[in-house]
**Student:** 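Please see the structure below; I have some questions.
For clarity, every value in this text was computed on a predicted model and none was experimentally measured.
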Amino acid sequence: MSATVGLFTKWSVKGSRQQVLLQVSKLFSTDPKDFLINNPEYSFLKQLDLAEENSGVYHGKWDANGQVLTSYSPASRTPIASVREGSLKDLDNCVTAASEAWKLWADLPAPRRGEIVRQIGNALREKIVPLGKLVSLEMGKILPEGIGEVQEYVDICDYAVGLSRSLSGQILPSERPDHALLEQWNPLGVVGVISAFNFPVAVYGWNSAIAMVCGDTLLWKGAPSTPLCSIATTKIVSKVLEENNLPGGIASLCLGGSEIGQAIARDKRIPLVSFTGSCKVGQQVGVEVQQRFGRSILELGGNNAIIVAEDADIDMVIQSAVFACAGTAGQRCTTTRRLIVHKKVYPQVLERLIKAYEKVVQRIGDPLDEKTLYGPLHNADALLKYKKTIEEVQTNGGKIEFGGQIIDRPGFYVEPTIVSGLKHDSPIIKTETFAPIVYVLPTDSVEEAIAWNNEVDQGLSSSIFTENFSTVFKWIGPKGSDCGIVNINIPTNGAEIGGAFGGEKHTGGGRESGSDSWKQYMRRSTVTWNYGKGLTLAQGIKFE
């Protein structure tokens, strides 16, 4: 039995979670001779200009003065390289540099800013394989998903280039003669981006590409557990800036813990903070930013559901559900947590889903292996939460139809899990667990299924499988899904960059990526211009 599995087998949910995590941390090596960056098999790390110790602060120069931490591969618990985080003083330097850089950046014509973003997209294309491999190594998602995440950044750069030539206000009809009524959009200033471990590159890309063409500068705090992804990405971006004789403060970076995030939320020099993470922390960030009358974009949790109507294409349902439930080991905010199935097809769907999962577990392995379909959880904390949730399922009378076990191998691997036998409104079902656990629920009707879809706190993503047009329009209408993403005959995950990404309720209400999400990165002015010789007041008021 591996050390990790042995430790967690003995752990009780009544014990101290922090004590267990401390014990697990002692199993990890911090000896530089064990770093994967020194292993020729991982030569792609040096292709990204990474070293044994890396600075986690950039604002035109690399200069970090905080504590040193080691980044580990969740697939093997092997150290990759070390990172020196930023201090609060470093953060202040980053904000100052970003503020100064904005004075130049905002004056550039938007198409010129778009040209810089185009070059960033091309630079990412050149590094897409090594950076994608780093995402897989440090986060734990399989290689096609790691490369796909970098591709998402490339795609949003392409989108932003076009946007840079089409940012527009409006000319509105004035009620007064010889007057013009206009809308003018201007950049906000410094945009703070606090991103999560599960998409360590793409979320920054969604924010930065759009914010940059809008005329904003960036301050990025990446997740503490995926620091190398943040550093490697910033190196790619900073090189483009340097080649164009532009200040590095346009895309500054300050890695660190919660104290850095709190300082970003409180800093009045940062008019907009984009936060991706849990509902609990997101609420704290939103309140902190609002206290200083700043703006926030919150992309938080998602207790997402797929509804399977009685007329659904079951082949398509199973193919979609496997990816939506087990893909990324259940660690997407858009992962399907609930599968609500019409009772007429419930037995068939459950049986076929179990068989599909049996094939998935035959392809568990190293995320960098092209044959691997299913990788590890990200860290020990995720493993603990998975174990605790499984125990709660069993305590509350749920049935483990498939999985439910920690896998005996190095790293943080668990079996993708299917649960039945719980009520739709059970507290455990209404609580998002960031792990590959799906609850399968039989329902009597589409109307009931929609009500169940909407009864959770979060409102991120949702999907229905049906061939009935009437059902579709009910689903997307005012009494249908209350989520920000409402799909038909596709999974809840895997959103395209062209649409606005985000959710309602406890998901935070923020929107990133496509559509008119760019408006969140700018401020709008209503301009009234009197080009005539007389003064006419609105509403016909006479003040003489």
Side-chain angles (χ1 to χ4, degrees), residues 58 98 101-102 105-106 108-128 131-132 135 147-168 185-196 199-222 229-230 232-244 246-253 272-276 295 297 299 495-502 510-522:
Y58 177 78
W102 180 81
W105 185 245
L108 293 181
R112 172 60 180 153
R113 298 193 295 257
E115 166 59 20
I116 302 303
V117 173
R118 185 192 68 82
Q119 293 179 33
I120 291 172
N122 285 342
L124 288 163
R125 282 184 174 92
E126 294 174 2
K127 299 283 190 177
I128 192 168
L131 186 54
V135 171
I147 293 175
E149 179 168 342
V150 183
Q151 183 64 51
E152 203 164 346
Y153 194 170
V154 171
D155 291 344
I156 199 66
C157 284
D158 289 347
Y159 179 90
V161 173
L163 181 63
S164 72
R165 292 184 177 271
S166 60
L167 292 168
S168 60
W185 291 87
N186 286 301
L188 286 171
V190 181
V191 173
V193 179
I194 303 174
S195 59
F199 279 88
V201 171
V203 169
Y204 176 69
W206 295 349
N207 283 277
S208 65
I210 302 299
M212 287 179 75
V213 298
C214 288
D216 300 315
T217 56
L218 280 300
L219 168 59
W220 183 19
K221 177 196 172 303
C229 288
S230 301
T233 301
T234 300
K235 284 180 178 288
I236 293 170
V237 174
S238 64
K239 184 178 180 182
V240 172
L241 296 175
E242 291 166 6
E243 290 172 347
N244 287 273
L246 290 168
I250 291 170
S252 58
L253 171 73
L272 172 65
V273 176
S274 175
F275 174 84
T276 301
R295 296 192 198 178
I297 299 173
E299 297 290 354
E496 299 179 24
I497 60 98
F501 182 91
R511 292 297 186 276
E512 296 171 338
S513 197
S515 186
D516 66 349
S517 299
W518 61 270
K519 293 180 178 179
Q520 296 189 95
Y521 301 90
M522 304 191 82

**Student:** Assess, by modelled atom type and distance only, whether the side chains of Asn122 and Glu126 contain a donor and an acceptor separated by less than 3.5 Å.
**Tutor:**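 No donor-acceptor contact under 3.5 Å links the two side chains.
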**Student:** Closer than 4.0 angstrom, basic N to acidic O: yes or no for Glu115 and Arg118?
**Tutor:**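 Yes, Glu115 and Arg118 are salt-bridged.
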**Student:** Taking side chain to side chain contact (heavy atoms under 4.5 Å, CB included) as the definition, give me every residue that meets it alongside Lys519, ordered by chain and number, with sequence neighbours left out.
**Tutor:** Trp185, Asp516
**Student:** With a 4.5 Å limit on heavy-atom distance, are the side chains of Tyr58 and Ser238 in contact?
**Tutor:**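 A side-chain contact under 4.5 Å exists here.
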**Student:** Are Ile156 and Ser513 packed together at the side-chain level, in the sense that at least one heavy-atom pair is separated by less than 4.5 angstrom?
**Tutor:** yes
**Student:** Could you pull out every donor-acceptor pair under 3.5 Å between side chains of residues 160-167 and any protein atom, sequence neighbours left out?
**Tutor:**
{"unit_1": "Ser164", "atom_1": "OG", "unit_2": "Val161", "atom_2": "O", "d": "2.6"}
{"unit_1": "Ser166", "atom_1": "OG", "unit_2": "Gly162", "atom_2": "O", "d": "3.3"}
{"unit_1": "Ser166", "atom_1": "OG", "unit_2": "Leu163", "atom_2": "O", "d": "3.4"}

**Student:** Quick one, Val213 and Ile116 - any side-chain contact, counting heavy atoms below 4.5 Å?
**Tutor:** no
**Student:** For Glu512 and Ala500, indicate whether the former's side chain and the latter's backbone hold a donor-acceptor pair under 3.5 Å.
**Tutor:**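 Pair absent, no side-chain N/O of Glu512 close to backbone of Ala500.
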**Student:** Within a strict 4.5 Å, meaning less than it, do heavy atoms of the Gln119 and Asn244 side chains meet?
**Tutor:** yes
**Student:** Does the side chain of Ser230 reach to within under 4.5 Å of the side chain of Tyr204, using non-hydrogen atoms?
**Tutor:** no
**Student:** Could you go step by step and tell me if Phe275 and Lys221 meet the side chain to side chain contact (heavy atoms under 4.5 Å, CB included) rule?
**Tutor:** CA-CA 10 Å; Phe275 174 84; Lys221 177 196 172 303; over 6 Å; no
**Student:** Begin from the C-alpha positions of Arg295 and Val273 and carry the test side chain to side chain contact (heavy atoms under 4.5 Å, CB included) through to its verdict.
**Tutor:** CA-CA 6 Å; Arg295 296 192 198 178; Val273 176; over 6 Å; no
**Student:** Nearest heavy-atom pair of Leu218 and Met212: which atoms, and what distance?
**Tutor:** CD2-CG, 3.6 Å
**Student:** I want to check something: taking the side chain as every heavy atom from C-beta on, are Ile128 and Arg125 in contact at a cut-off of under 4.5 Å?
**Tutor:** no
**Student:** Minimum heavy-atom separation for Trp518 to Ser168, with atom names?
**Tutor:**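 Between these two residues, the closest heavy atoms are CH2-O, 3.5 Å.
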**Student:** For Trp206, what residues pass the ring pair (Phe, Tyr, Trp, His ring centres under 6.0 Å) criterion, not counting sequence neighbours?
**Tutor:** Phe501
**Student:** Side chains of Thr233 and Leu131: does their closest heavy-atom pair fall under 4.5 Å?
**Tutor:** yes
**Student:** Can a side-chain donor-acceptor contact be found between Trp220 and Ser195 if the only test is distance below 3.5 angstrom?
**Tutor:** yes
**Student:** Check Arg113 with Asp216, please: is the shortest side-chain N to carboxylate O separation under 4.0 Å?
**Tutor:**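 Salt bridge: no.
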